[in-house]
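Read through the structure below, which is laid out as structure tokens, and then see the notes.
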Amino acid sequence: MLASSMADSPWINPNHLVVAHRLKMWYTVQSGLFSKTRYVKAVDDVSISIGKGETVAVIGESGSGKTSLGRTLLRLYKLNGGTLIFDGKDITKASESSIAWFRRRAQMIFQDPFSAINPFHNIKFILEEPLIIHGVGGSAAEREEMVIRTLNEMKMNPPEDYLFKYPHMLSGGQRQRIAIGRAVILRPDFIVADEPVSMLDASVRVEILSLLKEIQQKMNIAFLYITHDISTAKYFSDRIAILYAGKLAEIGPYRSVIKDPAHPYTQALIEAIPDPDPSNRFKDRKIVGGEPPTLINPPRGCRFHPRCPFAMDICRREEPPMVEVKNGIYAACWLHIKK
Ligand code: SF4
């Protein structure tokens, strides 16, 4: 029944750990002289699924709806439409009190580690707190053992040196390791990592991304990795999903999409990646011009049409459906639809 209703979105797998079908997350704002109520369509009809131990990178510019999508998948934001399934259970409309099990199994890593860790608590308590909240670890001694194990996993050695330190005594990279440790100490099945390296120095970004990849493989965790920087997705993404103005523009296996992107917006994002060879750095680089549209009143038809060099009449009139372009790559673009 569930699978048949999802037949309109063949790029999602109904048997995956996380299955979101035609998800909508709209919220209202008051604007204008007469304080008119308007809808911000932050996530608008997005279907996506993530398998156990898989990483899907969600890529888009600021305001594309990627953070809203991540938080909606964690039921931190209210859904306005669509279906959300976790491990085969429909949690779309489940009450907060009935999804305590989901709260334990699905965690979030934030962009700013300070927002996730209380600066007035020491590292031992910061890591122990989720265990206490969820009633994991029978005794204080057992919980301390789990805290030490987690510090080891986060490569903060020797762990005893960190237990009674406070966040301000750590570097930005070490604070993010603690925030990651706080998410993984419960051994979740699913983590939404929202721009986890964007506030860190370039020198520690690769270390943190490598750590995330290591824990994903070791603990078989499904990740939604949110980033505006498509070049960082290479570290641990199996598939990538490109979000534009609250809608899915393209989704597919990471290597295939990077090698041969189908959507003009994805092509522009890839072409904007700086070439590591300094002599090629400014050669033939095309950066998508213009600004992303407002989510209150997005353009009719294809939302990318005001910025697209290939826009046709139909693009201004009708929204393109997602179609399979090649080898598991799906894109929403009239260039790939036989009319
Ligand atoms: Fe460009 Fe049209 Fe494709 Fe949109 S549908 S990306 S405007 S060609």
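Atoms within each ligand, like the ligands themselves, are counted from 1 in listed order.
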What's the shortest heavy-atom distance between Pro293 and Ala245, and which atoms?
CG-CB, 3.7 Å
Of all heavy-atom pairs linking Tyr225 and Pro196, the shortest is CE1-CD, 3.5 Å
Check whether any N, O or S atom of Cys333, backbone or side chain, sits closer than 2.8 Å to atom 3 (Fe) of ligand 1.
yes
Show the atoms of ligand 1 that are less than 4.0 angstrom away from any heavy atom in [X].
X	result
Leu335	8 (S)
Pro264	6 (S)
His263	6 (S)

Lys/Arg cation over aromatic Tyr162: Lys165, 6.0 Å, 45° cone
yes
Specify the protein heavy atom at minimum distance from [atom]: its residue, its atom name, and the distance to 0.1 Å.
atom	result
atom 1 (Fe) of ligand 1	Cys308 SG, 2.3 Å
atom 2 (Fe) of ligand 1	Cys315 SG, 2.2 Å
atom 4 (Fe) of ligand 1	Cys302 SG, 2.4 Å
atom 5 (S) of ligand 1	Trp334 N, 3.2 Å

Salt-bridge contact [X]-[Y] (side-chain N to carboxylate O under 4.0 Å):
X	Y	value
Glu128	Lys124	yes
Glu319	Lys247	yes
Arg303	Asp44	yes

